[in-house]
Amino acid sequence: LGVTRYVLVDADRTSGHSLNRLVTAHPGDVGQYKTDLAERLIRSINPQAEVINIRHHLPHPGAIDALAELDLILGGLDNDAPRLHLTDLASQRRIVYIDAATDTHADEASLAYGGRVVVAGLNSGCLFCLGHLDQRQIRQATMTDQERAADTAIYGVPADALDDTG
């Protein structure tokens, strides 16, 4: 009994500042694909495991096709644009999707850490319906650099300076 089939999806490479967050990485692994390091760990535990390693960001068609065949999707994503793709896929295919997210908030007096774990896909409500996705972040993540610059220039000041009033 156990997990024997894995689909790993990420185009990011390991950096020096991410080593403390990656159980799969060692200092000599800087520059390696995160999915390669996860595959290495999986194979060290179970050499017979089936590992599909996709070094692309969502919504890469190969990633969506491979994820659509799973019974369970675990997401630990940096932003809400790929979360939207996963919650959409999980809802359409009725796949259990467990999304884990963390964040920090700092001001002059304190530093706070927080997070959430949400299960979607089988219940009545995706991450968007449940209010866990930030539409502004999704829009920004899907823009080109030129579109992002034009969007920022609309007000002439950084959008975060408007405090959601713009």
Side-chain angles (χ1 to χ4, degrees), residues 1-90 95-121 127 132-134 136-149 151-152 158-160:
L1 185 66
V3 178
T4 58
R5 183 168 187 256
Y6 299 82
V7 175
L8 310 173
V9 180
D10 197 342
D12 291 347
R13 294 176 182 263
T14 305
S15 64
H17 70 274
S18 68
L19 288 174
N20 66 322
R21 298 188 313 270
L22 297 173
V23 69
T24 58
H26 305 284
D29 294 329
V30 170
Q32 298 297 311
Y33 284 102
K34 293 177 181 180
T35 55
D36 290 348
L37 302 179
E39 180 176 358
R40 178 180 70 191
L41 179 62
I42 291 166
R43 292 196 185 284
S44 75
I45 296 167
N46 181 0
Q48 281 74 45
E50 179 186 351
V51 180
I52 299 170
N53 186 342
I54 301 170
R55 296 177 197 97
H56 293 282
H57 290 295
L58 290 171
H60 186 272
I64 296 296
D65 290 346
L67 292 167
E69 300 301 318
L70 299 177
D71 299 317
L72 171 68
I73 298 173
L74 301 175
L77 303 160
D78 294 339
N79 68 66
D80 284 348
R83 271 191 188 94
L84 180 61
H85 294 292
L86 286 184
T87 196
D88 184 44
L89 174 67
I95 301 169
V96 175
Y97 170 39
I98 301 174
D99 178 74
T102 62
D103 203 356
T104 59
H105 175 74
D107 59 29
E108 296 83 31
S110 66
L111 176 63
Y113 298 91
R116 67 162 194 258
V117 175
V118 178
V119 178
L127 293 176
H132 293 294
L133 298 181
D134 181 330
R136 178 182 280 173
Q137 186 185 76
I138 292 168
R139 191 179 90 246
Q140 287 281 323
T142 59
M143 290 179 174
T144 65
D145 290 341
Q146 188 176 20
E147 290 169 331
R148 213 172 285 112
D151 187 61
T152 301
D160 56 354

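For the pair Thr24 and Ala38, the tightest heavy-atom approach, listed with the atom from each and the gap, is CG2-CA, 3.8 Å. Closest non-hydrogen pair, Val7 versus Ile54, comes out as CG1-CD1, 4.1 Å. When all heavy atoms of Ile95 and Ala68 are compared, the pair lying nearest together is CD1-O, 3.7 Å. The shortest heavy-atom contact between Ala11 and Tyr33 is O-CE2, 3.6 Å. Here the shortest heavy-atom pairing between Arg43 and Ala49 reads NH1-O, 3.0 Å. Looking at every heavy atom in both residues, His56 comes nearest to His60 through CG-CD2, 3.4 Å.
Residues Ile98 and Ile73 fail the side-chain proximity criterion, which asks for heavy atoms closer than 4.5 Å. With contacts defined as side-chain heavy-atom distances shorter than 4.5 Å, the pair Leu89/Leu58 does not qualify. The shortest distance between side-chain heavy atoms of Tyr97 and Thr87 falls below 4.5 Å. Side-chain contact between Thr14 and Leu37 is present, with at least one heavy-atom pair separated by less than 4.5 Å. In this structure, the side chains of His57 and Asp12 come closer than 4.5 Å at one or more pairs of heavy atoms.
The distance from atom CZ of Arg13 to atom CG of Asp36, rounded to the nearest 0.5 Å, is 8.5 Å. Of the inter-residue distances, the one linking Leu84 atom CG with Leu86 atom CG reads 9.0 Å to the nearest 0.5 angstrom. Ser18 OG to Asp29 CG: the interatomic distance, rounded to the nearest 0.5 Å, is 10.0 Å.
Remark: the Gln137 side chain and the Asn79 side chain contain no N/O donor-acceptor pair separated by less than 3.5 Å. There is no side-chain donor-acceptor pair under 3.5 Å between Thr35 and Asp10.
Ion pair Arg83/Asp99 flagged as a salt bridge, since at least one NZ, NE, NH1 or NH2 atom sits closer than 4.0 Å to an Asp/Glu carboxylate oxygen.
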- [ ] Could you check Arg5 against Asp71 for salt bridge (charged side-chain N to carboxylate O under 4.0 Å, His left out), going step by step and ending with a plain yes or no?
- [x] CA-CA 10 Å; Arg5 183 168 187 256; Asp71 299 317; over 6 Å; no

